[in-house]
Structure formats: structure tokens, C-alpha cells
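This is a predicted model, so every value here is computed, not measured. Count residues from 1 along the sequence.
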Amino acid sequence: MRKTVLLLIAIVCFFIAPSMALATDLPRVMIVGEDADPDTVPRNSRVFKRVLNAISNEMINLGFDVKDETALTHTTHAQGRTRRDDAELIQIAKDAGIDVLCIFSIYPNAKSNQNSVRVTARIEGRLLSVWDGSRMGNFEAEPQQYQLVPRPYSRNDVLEAVGKLSKIIGSDVGAVLADRLDQYHPEGGGDNYSEGGASGSGAGGGSGIGSGGRLIEWTLVFDGFNDDDMLDVEDYITIFSGYESHRPKTNALNTSSHHEMWYKSSIDSAHLKRNVVRMLRKLNMKGRVYVSGNEVKVVKQHRVKQRRKQSNSEW
């Protein structure tokens with residue numbers, strides 16, 4: 001009966017309540033180099049900087065929000081470090097509130113003989129969703145031709161030749177990765193949102209892939225909710241826009257008053273928080289909602305029950 005009533009509310013809100021389009025929030029992207037391998041070009045090299053700028057331009061050309069690592073971390077993290085591995089890069093991204101890391105590595109190669117010096121480079125790039133650990137794609141590019149370094153040559157001449165070639169390859173890698181990211185976050189995406197908490201694309205789950213972008217695996221934590229409360233909560237979260245599926249989190253301690261679940265949806269963070277707050281209001285519950293990365297924690301506020309001593313006297 002409860003599900004029938006909720007479904008009727010969602011249908012009425014969809015056809016009667018005025019709705020407005022909410023554009024999906026674009027991810028905060030940061031481009032970093034993984035240079036832990038001693039065979040790669042370190043991040044303090046001019047070659048590295050040319051490739052970083054080339055990849056950045058391709059991302060910016062498609063309208064993505066590209067953040068500069070130094071600008072975000074110069075007051076909180078040590079600067080100028082080289083030979084950093086994945087773990088350090090991911091931790092920095094989380095500290096800076098980054099959603100997607102674009103990680104690249106440059107492998108130079110020089111062949112010399114008595115007549116000439118030929119240089120080339122191979123660049124690897126990949127996209128990583130920082131908060132849920134999903135790999136979003138990778139690409140590798142290596143030119144078929146070498147860059148000749150005219151004689152007599154110096155170390156500077158070799159670096160300039162590698163940098164010139166790497167910039168061209170970096171643009172190619174950046175274009176492919178930007179196109180891949182664009183498929184996850186298509187231009188003009190948005191959710192149809194109404195006051196009732198349901199939408200044309202998400203009511204009842206819909207097709208699973210909402211117009212807001214790629215599916216994200218959220219972690220929903222409900223603290224202080226009993227099993228009966230969770231039955232009501234699950235009736236609501238399944239009609240949120242962009243809903244795909246949900247299930248209990250297998251590596252969490254779920255009890256009768258503490259519940260954690262994986263919630264797969266294309267909804268954005270601001271929209272999800274608004275829906276959770278509105279859900280508490282509809283269920284006549286009081287609670288606090290916290291959002292950190294891909295985790296939404298809801299702490300229920302319980303009413304204090306007053307116990308009074310009964311008197312035997314009529315007065």
C-alpha cells in the first residue's frame with residue numbers, strides 16, 4: 001500500500017508540478033604525471049610541462065573544469081616533489097577535492113650512431129575516478145617517426161627535440177581522453193527535477209542511466225535508523241532521479257540501527273543531498289546530512305522521551 005501511494009505521488013508530481021532542468025555538475029579534473037618509474041621524464045622537466053599543457057588544452061577545449069595542482073595545494077602540501085607514485089597522487093587529489101585524475105607518463109627514447117641522433121617518446125594516459133576507484137579509460141600513443149637532432153648537438157638540443165615530439169603526442173593523448181570523459185559527462189546533460197523528488201528520467205528507476213551523466217556508486221550511511229525506518233527510506237531512494245540500483249555494503253558493519261549501502265545512480269551530489277533532506281521532511285524525521293566525496297551520511301536525531309513519576313495523591 002505504501003509503495004502504491006508513493007508511486008501515485010511521483011506520477012502526480014511529474015504531470016502537475018512545474019519542473020526545471022538542472023545541469024549536471026561537471027567533475028573537477030586535475031592532470032598529473034606519474035614519474036615513479038626512473039625511465040619516465042620527471043615532472044620538473046620542460047618536456048613534462050609541455051605535455052601537461054597540451055593535455056590541459058584538449059580538456060579545456062571540451063569545456064571541462066581543469067584544476068592546477070600547485071594552485072590548489074601550495075599552502076598545504078610540499079611542492080616540487082618528483083618520482084611520485086599512484087598512491088601519493090590519489091591522496092593529493094582527495095585532499096584537493098578532485099573528482100577525476102588524468103594521469104600520464106612520458107617514456108623518451110634516443111638512438112644514436114656515428115651519423116645521427118634520433119629521438120622519440122611514448123606517452124601513456126589514463127582517467128581515474130578518485131572517490132570510487134573506477135578506471136574510466138586509458139590510451140597510449142607512440143609516433144611512427146623519429147625526430148632527428150642536427151649535429152653538433154647538446155643535451156639542450158635533445159630535450160627540445162623530445163619536447164617538440166612529446167607535445168604533439170600529448171595533444172593526441174589528451175584529445176582521446178577528453179573525448180572519453182565527454183562520453184561520461186555529455187554536453188547539455190541534466191535531470192528533470194520536480195518538488196516531489198521524482199523526474200521523468202528517474203521515477204521508479206527508469207532506464208537506470210539518467211541524463212545527468214555517468215553512473216556513480218555512492219555510499220549511503222544511515223545512522224540511528226531502525227529496520228522499519230529503512231523500509232520507508234528505501235521506498236524513497238528508489239524514486240530519486242537517475243536511480244539504477246542499491247544493495248547493502250558488504251564490507252561494512254550493518255546492524256539494526258546502522259545501515260550502509262552502495263547506491264548506484266547518475267544523480268549529482270547537490271541534487272542527492274536535497275532529495276535526502278526532503279525525504280526526511282516527508283517522513284517526519286529529523287536528521288543531519290553530511291556529504292564527503294561519494295559518501296552521504298544521514299544521522300537521525302531522536303526525540304527525548306520524558307518519563308514522569310506517577311503520584312498516588314489526587315492532588
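With sequence neighbours excluded, the residues satisfying salt bridge (charged side-chain N to carboxylate O under 4.0 Å, His left out) with Lys67 are Asp65. Under the side-chain contact (heavy atoms from CB on, under 4.5 Å) criterion, Ala175 pairs with Glu58, sequence neighbours left out. Residues passing the side-chain hydrogen bond (donor to acceptor under 3.5 Å, both in side chains) test with Ser245, sequence neighbours excluded: none. Considering only residues two or more places apart in sequence or on other chains, Phe64 meets the ring-ring contact (aromatic ring centres under 6.0 Å, His included) condition with none of them. By the ring-ring contact (aromatic ring centres under 6.0 Å, His included) test, Tyr263 is found to be paired with Tyr243, residues two or more places apart in sequence or in another chain being considered.
In this structure, the side chains of Val289 and Leu280 come closer than 4.5 Å at one or more pairs of heavy atoms. Counting heavy atoms from C-beta on, the side chains of Met261 and Ile237 come closer than 4.5 Å. With contacts defined as side-chain heavy-atom distances shorter than 4.5 Å, the pair Asn226/Ser257 does not qualify. For the pair Met136 and Leu177, the minimum side-chain heavy-atom distance is 4.5 Å or more. With a 4.5 Å cut-off on side-chain heavy atoms, Lys273 and Val296 do not count as touching. Within the 4.5 Å cutoff, the side chain of Ser171 has no heavy atoms near those of the Asn57 side chain. The shortest side-chain heavy-atom distance between Leu128 and Leu89 does not fall under the 4.5 Å cut-off. In this structure, Val233 and Met279 have side chains that are in contact, with non-hydrogen atoms separated by less than 4.5 Å.
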**OP:** Given side-chain contact (heavy atoms from CB on, under 4.5 Å), test Leu220 with Val276 step by step and report yes or no.
**Re:** CA-CA 10 Å; Leu220 303 186; Val276 171; 5.8 Å; no
**OP:** Step by step, work out the side-chain contact (heavy atoms from CB on, under 4.5 Å) result for Ile267 and Asn275.
**Re:** CA-CA 10 Å; Ile267 195 171; Asn275 282 352; 3.6 Å; yes
**OP:** Would you check, one step at a time, whether the test side chain to side chain donor-acceptor pair (under 3.5 Å) holds for Tyr146 with Lys111?
**Re:** CA-CA 9 Å; Tyr146 286 91; Lys111 292 184 177 181; 3.2 Å; yes
Subject >> Steps toward side-chain contact (heavy atoms from CB on, under 4.5 Å) verdict (Gln79, Thr73) >> reply: CA-CA 8 Å; Gln79 300 298 307; Thr73 64; 3.3 Å; yes
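Remark: Asn61 CG to Ser56 OG distance equals 10.5 Å, nearest 0.5 Å. Ser266 OG to Ile216 CD1: the interatomic distance, rounded to the nearest 0.5 Å, is 8.0 Å. One distance of note links CE of Met285 with CZ of Phe222; it measures 10.0 Å at 0.5 Å rounding. We find the CD-CD1 distance between Glu140 and Ile123 to be 10.5 Å, quoted to the nearest 0.5 Å. Put simply, CD on Glu295 and OG on Ser269 are 13.5 Å apart, with the number rounded to the nearest 0.5 Å. Distance check: Lys94 NZ to Ser292 OG gives 9.5 Å after rounding to the nearest 0.5 Å.
A donor-acceptor pair is defined here as one N or O able to donate and one able to accept, closer than 3.5 Å; no such pair exists between the side chain of Thr120 and the backbone of Asn109. Between the Asn254 side chain and the Lys249 main chain, a donor and an acceptor come within less than 3.5 Å of each other. Of the possible donor and acceptor atoms, one in the side chain of Asn53 sits under 3.5 Å from a partner among the backbone N and O of Lys49. Checking side-chain atoms of His259 against main-chain N and O of Phe225 turns up a donor-acceptor pair under 3.5 Å. No donor-acceptor pair under 3.5 Å is formed between the side chain of Glu88 and the backbone N or O of Asp86.
Remark: the Thr219 side chain and the Glu260 side chain contain no N/O donor-acceptor pair separated by less than 3.5 Å. A side-chain donor-acceptor contact under 3.5 Å links His258 and Asp223.
Nearest heavy-atom pair, Thr40 versus Asp37, reported as atom, atom and distance to 0.1 Å: OG1-O, 2.6 Å. The two residues Val173 and Gly125 come nearest to each other via the heavy atoms CG1-CA, 4.1 Å. Of all the heavy atoms in Tyr236 and Leu283, the pair that sits closest is CE1-CD2, 3.6 Å. Smallest separation of non-hydrogen atoms from Asp229 and Gly224: OD2-O, 4.5 Å. When all heavy atoms are compared, the tightest approach of Leu215 to Gly242 is CD2-O, 4.3 Å.
Following chains of ILVMFWY side-chain contacts shorter than 4.5 Å, one cannot reach Ile106 starting from Ile103, and the two form parts of different hydrophobic clusters. The same ILVMFWY cluster, assembled from side-chain heavy atoms under 4.5 Å apart, contains both Ile60 and Phe139. No continuous path of hydrophobic side-chain contacts links Leu101 to Leu127 [ILVMFWY only; heavy atoms under 4.5 Å]. Note: the hydrophobic cluster containing Ile92 does not contain Leu52 (ILVMFWY, side chain heavy atoms under 4.5 Å, direct or indirect links). Connection of Val176 to Ile168 is not established within any shared hydrophobic cluster, with ILVMFWY side chains joined at heavy-atom distances below 4.5 Å, either directly or through further cluster members.
Tyr107 belongs to no hydrophobic cluster with other residues, because no ILVMFWY side-chain heavy atom falls under 4.5 Å from its own, directly or through intermediates. Trp262 belongs to no hydrophobic cluster with other residues, because no ILVMFWY side-chain heavy atom falls under 4.5 Å from its own, directly or through intermediates. Through side-chain heavy atoms spaced under 4.5 Å, either directly or across other Ile, Leu, Val, Met, Phe, Trp or Tyr residues, Val299 is tied to Tyr290.
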Pairs of donor and acceptor atoms involving the side chains of residues 26-35, under 3.5 Å and at least two apart or interchain, shall be tabulated with distances.
| from | atom 1 | to | atom 2 | distance (Å) |
| --- | --- | --- | --- | --- |
| Arg28 | NE | Gly97 | O | 2.8 |
| Arg28 | NH2 | Ala96 | O | 3.1 |
| Asp35 | OD1 | Arg83 | N | 2.9 |
| Asp35 | OD1 | Arg84 | N | 2.8 |
| Asp35 | OD2 | Arg43 | N | 3.0 |
| Asp35 | OD2 | Arg83 | N | 3.1 |

Validation: residues 154-166 side-chain donor-acceptor distances under 3.5 Å, sequence neighbours left out:
| from | atom 1 | to | atom 2 | distance (Å) |
| --- | --- | --- | --- | --- |
| Ser154 | OG | Asn156 | N | 3.4 |
| Ser154 | OG | Asp157 | N | 3.4 |
| Ser154 | OG | Asp157 | OD2 | 3.3 |
| Asn156 | OD1 | Arg46 | NH1 | 2.5 |
| Asn156 | OD1 | Arg46 | NH2 | 3.1 |
| Asp157 | OD2 | Ser154 | N | 3.0 |
| Glu160 | OE2 | Arg46 | NH1 | 3.0 |
| Ser166 | OG | Val162 | O | 2.7 |

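The ring-ring contact (aromatic ring centres under 6.0 Å, His included) contacts involving residues 114-134 comprise nothing, where partners must be two or more places apart or lie in separate chains. Sorted by first and then second residue, the salt bridge (Lys or Arg N to Asp or Glu O under 4.0 Å) pairs involving residues 95-107 (not counting sequence neighbours) form an empty list.
A ring-centre distance under 6.0 Å is found for Phe104 and Phe48.
The neighbour count for Lys300 NZ, taken as heavy atoms of other residues, nucleotides or ligands under 6.0 Å away, is above 12. Taking a 6.0 Å sphere around CD of Gln145, one finds it holds 12 or fewer heavy atoms contributed by other residues, nucleotides or ligands.
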